[in-house]
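Every value quoted in this text rests on a predicted model; they were computed, and no experiment measured them.
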Amino acid sequence: MPKASDIKKNQAIEHNGGVYIVKDIERSVPQGRAGGSLYRMRMYNVVSGQKVDETFKDVDMLNLADLIRRPAMFSYLDGEEYVFMDNEDYTPYNMNKESIAEEVLFINESTEGLQVILVDGNPVGLDLPSSVELDIVETDPSIKGQSATSRTKPATLSTGLVVQVPEHISNGDRIKINTEEKRFMSRADK
């Protein structure tokens with residue numbers, strides 16, 4: 001059983017009789033108080049999709065839920081459902097667009113390293129790779145002869161995600177994005 005301070009994003013815990021995926025963690029240290037940090041966790045119930053915000057002390061013990069991660073790839077969009085195909089046994093996993101709205105911004109047909117999170121055989125979430133490569137569809141033109149400062153500009157990617165990129169990047173470029181920080185990393189290898 002890990003402490004609350006050991007829990008990471010996208011881990012599943014058992015809480016109040018349900019299984020929850022931790023989507024966001026904020027750490028705070030109360031002033032003038034003996035004791036440790038507080039961890040505010042935004043969690044989603046894997047069955048109902050209900051959002052819950054809970055605060056735990058750093059020494060609180062939490063139960064990790066039993067879940068399975070299966071390597072998968074995005075297959076197609078069926079109305080409001082995204083369909084992913086298991087890379088090993090070709091099992092299709094349907095997931096509601098609303099439950100994976102944040103992850104969808106990083107996914108296209110060529111995204112590799114995806115994992116579908118299963119609880120009791122049902123898909124409940126996605127684990128993204130640490131970085132993905134996406135194409136820029138719209139950004140301001142690059143300006144020649146700029147100073148040595150590293151200024152940035154917004155760029156819209158093929159999935160609809162908007163990130164800040166260096167001024168020398170232009171439309172049609174393929175770039176590498178850090179999925180954790182939603183940040184430009186580098187140009188992608190061609």
Transitive ILVMFWY side-chain link [X] to [Y], under 4.5 Å:
X	Y	result
Val22	Ile100	no
Met41	Leu64	yes
Ile136	Phe184	yes
Leu161	Val165	yes
Ile25	Phe56	yes

For this session: Please check if atom CD in Glu138 has more than 12 non-hydrogen atoms from other residues, nucleotides or ligands closer than 6.0 Å.
Result: no
Problem set entry | Within 6.0 Å of CD in Gln164, more than 12 heavy atoms from elsewhere | yes
For a quick test of reading the model, state the closest non-hydrogen atom pair linking [X] to [Y] and the distance between them.
X	Y	answer
Gln11	Ile7	OE1-CA, 3.3 Å
Gly125	Met95	N-CE, 3.2 Å
Val137	Ser158	CG1-CA, 3.9 Å
Arg174	Ser110	NH2-OG, 3.6 Å

Problem set entry | Flag, side chain of Lys97 to backbone of Glu81, donor-acceptor distance under 3.5 Å | no
Exercise. Between the side chain of Thr179 and the main-chain N/O of Pro129, is any donor-acceptor distance below 3.5 Å?
Worked result: yes
salt_bridge([X], [Y]) N-O dist < 4.0 Å:
X	Y	answer
Lys3	Asp60	no
Asp173	Arg187	yes
Lys153	Glu167	no
Arg70	Glu88	yes

Exercise. Name the one of Ile117, Val19, Leu118 that satisfies side-chain contact (heavy atoms from CB on, under 4.5 Å) with Leu67?
Worked result: Ile117
For this session: Run the ring-centre check on Phe74 versus Tyr82 and record whether the distance is less than 6.0 Å.
Result: yes
For this session: Any pair with a residue in residues 106-117 that passes salt bridge (charged side-chain N to carboxylate O under 4.0 Å, His left out), sequence neighbours left out, goes on the list, sorted by first then second residue, please.
Result: none
